[in-house]
Number of protein chains: 2
Amino acid sequence: MKEGPDISRIAALIGDPARANILTALMSGKALTATELAGEAGVTLQTASAHLGKLEAAEMIHCRKSGRHKYFTLGGDDVGHALEALMGLAAGAGHLRTRTGPKDAALREARVCYNHLAGEKGIALFQGMLSRGFVSETDEDVILTDTGAKFLISFGVDLKALKRNKTPLCRPCLDWSARRTHLAGSVGRALLTQMQEMGWANRIEGTRVVKFTSKGEAAFQQEFGT
Amino acid sequence: MKEGPDISRIAALIGDPARANILTALMSGKALTATELAGEAGVTLQTASAHLGKLEAAEMIHCRKSGRHKYFTLGGDDVGHALEALMGLAAGAGHLRTRTGPKDAALREARVCYNHLAGEKGIALFQGMLSRGFVSETDEDVILTDTGAKFLISFGVDLKALKRNKTPLCRPCLDWSARRTHLAGSVGRALLTQMQEMGWANRIEGTRVVKFTSKGEAAFQQEFGT
DNA sequence: TCAATGCTTCGGCTACGGTCGAAGTATGAA
DNA sequence: TTCATACTTCGACCGTAGCCGAAGCATTGA
């Protein structure tokens, strides 16, 4: 009765607390070194090294060597998507809802999901782009319209560079906190980068929280608000 | 750095081969007894009982007692969704692609996902309903249009009964084999049921495969084809 | 009441995998 | 060259969790 692919291998990898912490940390989209990840996971370097080896063998993370450092990133959008789906389960069905601290509220408002904007702000961004006709949604795919392409260029995004990349321009991504879609894909990533470049928002170091400046808040409302 | 919900508990549950088999078996949507699931998982009844207890405690499955039998079903659409996401990962990144037998081809063509139609037929159904204006897709949600409601009633679906249910009428569901969206939710379930009632298709006992009759194939093309 | 079936609980065995200390390799800086 | 940093490999320890045999409930039917 072995139907479909073997879930258990993948799930078992995520099932270890140390590895789950590593993956969660990488959801921030930042490339982290083995030592940093060991700290995140709360284990020694040797142990983390073993975990990282397994995760890499399963292609759940990628690794780039740079000098004597090894920088790790998530394996791809699929991995991020599956992790978010699990977070949704854990948040909903999860019996013990760990205290909803102030950090959680900030996470719900605006955070980074793998490498693009998520949370309320992420949803607002997607809605704004939909209502302005920058993107259109059909079936599962999200398509960038001509209007949207022009907007992106005027917004300072190097669209040609994105098109050279093999990853899809736009992808929908489901949010675990609000259970609504926001924009992933290379356009999603580029938009977040650009917002940071323009000083609209900053990443809080060591967390997934994205903090908008008051100037950025106003500009966001202007560009994407309803 | 504990951000977001705790993935590892849930993932560890899915990570055990026996439990993964149980969950995969339940993806068929059928309610199965403890003994049947023990067979699916390849373990003895005692072991299965322990597993089922854990899965139920985590609200990943539900259980209904009937006489001296206990019937188990998946805990909800979220669970099915997360499982499909994991299958997508396992199928894509999975190093060892277990032989793609003839059964796999049938699964790709038409199968049951939790309780609604998936595979190529599932995608075609959703596309057909979209192009006919029976449903419209906005953001994450899929909405049943007035035209769609009329169609459902004429198709033999008791729409009023569905509306009394608290589960959403329409939900998108991502497919692991084709990576495209198909229709879940109570309408998705009702449509599959109705197709079986009308003799369009049959379930192959003990698998997730849905086999369309030649008559059903033609009728499907007529109603939903492009 | 007795027997049969379906499931649960208990106890003990086993093995797999996570963990860390210590030693080993590679890269870069002084 | 020598030292420091970043990571890997090895080996051993230990805990947890899966597994099954056997016995225990519970429901049904005769």
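Chain identifiers are assigned alphabetically (A, B, ...) following the order of the sequence lines, protein sequences preceding nucleic acid strands; residue numbering begins at 1 within each chain.
- The CG atom of A/Asp16 sits 12 Å away from the C1' atom of D/dT16 (whole-angstrom rounding).
- Going from atom OH of A/Tyr71 over to atom C1' of C/dT27 covers 13 Å, rounded to whole Å.
- Of all non-hydrogen atoms in B/Arg111 and B/Val210, the two that sit nearest each other are C-CG2, 3.8 Å.
- With sequence neighbours excluded, no residue forms a side-chain hydrogen bond (donor to acceptor under 3.5 Å, both in side chains) with A/Lys70.
- Here A/Thr35 does not reach the OP1 or OP2 of D/dA6: none of its side-chain N or O atoms lies under 4.0 Å away.
- Contact check, A/Thr44 against C/dT19: no side-chain N or O comes under 4.0 Å of OP1 or OP2.
- Protein atom CG of B/Leu37 is 14 Å distant from nucleotide atom P of C/dG6, rounded to whole Å.
- The side chain of A/Thr33 approaches D/dC7 more closely than any other nucleotide in the set C/dT19, D/dC7, D/dG18.
- A straight line from CG of B/Leu45 to C1' of C/dA4 spans 15 Å, rounded to a whole angstrom.
- Distances shown here put every side-chain N or O of B/Lys70 at or beyond 4.0 Å from the OP1 or OP2 atom of D/dT27.
- One finds a side-chain N or O of B/Thr47 lying less than 4.0 angstrom from the OP1 or OP2 phosphate oxygen of D/dC20.
- Atom C1' of nucleotide D/dT8 and atom NE2 of A/His51 are separated by 15 Å, given to the nearest angstrom.
- Rounded to whole angstrom, the span from the CZ atom of A/Arg64 across to the C1' atom of C/dT27 amounts to 17 Å.
- Side-chain atoms of B/Ala18 lie closest to D/dC19 of the nucleotides D/dC19, D/dG21, D/dT8.
- Panel note: side chain A/Ser49, backbone A/Leu45; no donor-acceptor pair is recorded below 3.5 Å.
- As a whole-Å value, the separation of A/Phe72 CZ from D/dT8 C1' is 11 Å.
- At the phosphate of D/dT27, neither OP1 nor OP2 sits under 4.0 Å from any side-chain N or O atom of B/His69.
- Regarding B/Lys54, its NZ atom lies at a distance of 19 Å from the P atom of C/dC7, rounded to whole Å.
- Side-chain atoms of B/Thr213 do not come within 3.5 Å of backbone N or O of B/Ala201 as any donor-acceptor pair.
- For the pair A/Arg19 (side chain) and A/Leu13 (backbone), a donor-acceptor distance under 3.5 Å is present.
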